[in-house]
Amino acid sequence: MVVPLTHRFAQRKDISLMELESEPYVEVKHHCGLKTTLNTCFQQIGFTPTAAYEAEDLMTVAGFVAAGLGVSILPKTNGLMLNGLVWLPIKDEGSCCDIGLVMKRGGYLTPAAKRFSDYVQVTVSDRS
């Protein structure tokens, strides 16, 4: 979860999804796959957060949170690491997602795909 630096949760070490119940929530529009995943999580715990704002892309969501307009759930990626954000792990069981990377042997990798593959391999190695 991501909250503004000035938010009352900002000093916490982790958070539960149920704590979002009374918080203004910044979400992505319906066409984002992340929203579908999060809606499934919310259904499992029995509530849907109140959407204060809806944005077209994840960077805009991060910007709205940094501006103090609410809280959100975003992937902690380098592209979303804005000043004024605090990232909190979600402590609910099942809140982590496994993500896989499959590459065809002998296939051409663009420079961007190669950098991403290298990043994933280093990140996985660091966590082992």
Side-chain angles (χ1 to χ4, degrees):
M1 175 176 322
V2 64
V3 300
L5 186 60
T6 57
H7 194 275
R8 63 190 174 100
F9 294 153
Q11 302 304 315
R12 303 265 305 268
K13 70 173 189 146
D14 57 21
I15 195 157
S16 171
L17 288 175
M18 286 301 292
E19 294 178 84
L20 287 176
E21 198 164 20
S22 63
E23 295 294 320
Y25 184 71
V26 182
E27 66 182 4
V28 290
K29 291 202 179 222
H30 65 277
H31 60 273
C32 178
L34 177 62
K35 184 170 181 171
T36 302
T37 301
L38 292 174
N39 284 343
T40 300
C41 290
F42 295 139
Q43 286 174 348
Q44 290 176 348
I45 62 171
F47 89 98
T48 302
T50 304
Y53 296 94
E54 193 176 55
E56 290 287 336
D57 57 66
L58 299 180
M59 182 56 101
T60 303
V61 171
F64 283 2
V65 173
L69 300 178
V71 302
S72 194
I73 299 174
L74 295 171
K76 188 176 180 182
T77 61
N78 290 337
L80 300 176
M81 302 299 272
L82 302 178
N83 289 333
L85 295 179
V86 175
W87 299 84
L88 301 169
I90 298 171
K91 63 184 175 183
D92 297 283
E93 187 173 325
S95 64
C96 292
C97 300
D98 290 328
I99 298 173
L101 174 65
V102 177
M103 298 184 333
K104 185 176 179 180
R105 287 181 210 238
Y108 172 74
L109 283 180
T110 65
K114 173 77 171 112
R115 283 182 39 214
F116 177 71
S117 173
D118 292 346
Y119 170 78
V120 169
Q121 290 175 16
V122 167
T123 302
V124 169
S125 296
D126 289 347
R127 293 182 185 183
S128 299

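For this chain, numbers begin at 1 and follow the sequence in order.
- Listed for the Ser72 side chain is a donor-acceptor partner under 3.5 Å among the backbone atoms of Val26.
- With a 4.5 Å cut-off on side-chain heavy atoms, Leu17 and Lys91 do not count as touching.
- When Val2, Leu85, Val71 are each tested for a side chain to side chain contact (heavy atoms under 4.5 Å, CB included) with His7, only one passes: Val71.
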message = Is there a side chain to side chain contact (heavy atoms under 4.5 Å, CB included) between Tyr25 and Thr48? Walk through the geometry before answering.
response = CA-CA 10 Å; Tyr25 184 71; Thr48 302; over 6 Å; no
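- With contacts defined as side-chain heavy-atom distances shorter than 4.5 Å, the pair Leu69/Pro24 does not qualify.
- The structure places CD of Gln121 at 10.5 Å from CZ of Phe116, a figure rounded to the nearest 0.5 Å.
- A salt bridge does not link Arg8 with Glu19: none of the charged nitrogens is closer than 4.0 Å to a carboxylate oxygen.
- Pro75 and Leu80 make their closest contact through O-CD1, 3.4 Å (heavy atoms, listed as atom of the first residue, atom of the second, distance).
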query = Taking it one step at a time, do Val28 and Thr60 satisfy side chain to side chain contact (heavy atoms under 4.5 Å, CB included)?
reply = CA-CA 9 Å; Val28 290; Thr60 303; over 6 Å; no
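- Looking at Leu20 and Ile73, their side chains come closer than 4.5 Å, going by heavy atoms from C-beta outward.
- Counting only heavy atoms from C-beta outward, the side chains of Met81 and Lys76 approach each other to under 4.5 Å.
- In terms of heavy-atom proximity, Val3 sits nearest to Ala10 at CG2-CA, 4.0 Å.
- Between Ile15 and Phe9 the shortest heavy-atom distance is CD1-CD1, 3.3 Å.
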task = Just do the side chain to side chain contact (heavy atoms under 4.5 Å, CB included) check on Lys29 and Lys35 with the steps written out, would you?
result = CA-CA 7 Å; Lys29 291 202 179 222; Lys35 184 170 181 171; 6.0 Å; no
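- Looking at Ile90 and Asp14, their side chains never come closer than 4.5 Å, going by heavy atoms from C-beta outward.
- Using cut-offs of 30° and 60° for the angle between ring planes, the Phe42 and Phe47 rings count as tilted.
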message = Determine whether Leu88 and Lys13 satisfy the following criterion, side chain to side chain contact (heavy atoms under 4.5 Å, CB included), listing intermediate values before the conclusion.
response = CA-CA 6 Å; Leu88 301 169; Lys13 70 173 189 146; over 6 Å; no
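- Closest of all the heavy-atom pairs between Gly68 and Pro4 is CA-CG, 3.9 Å.
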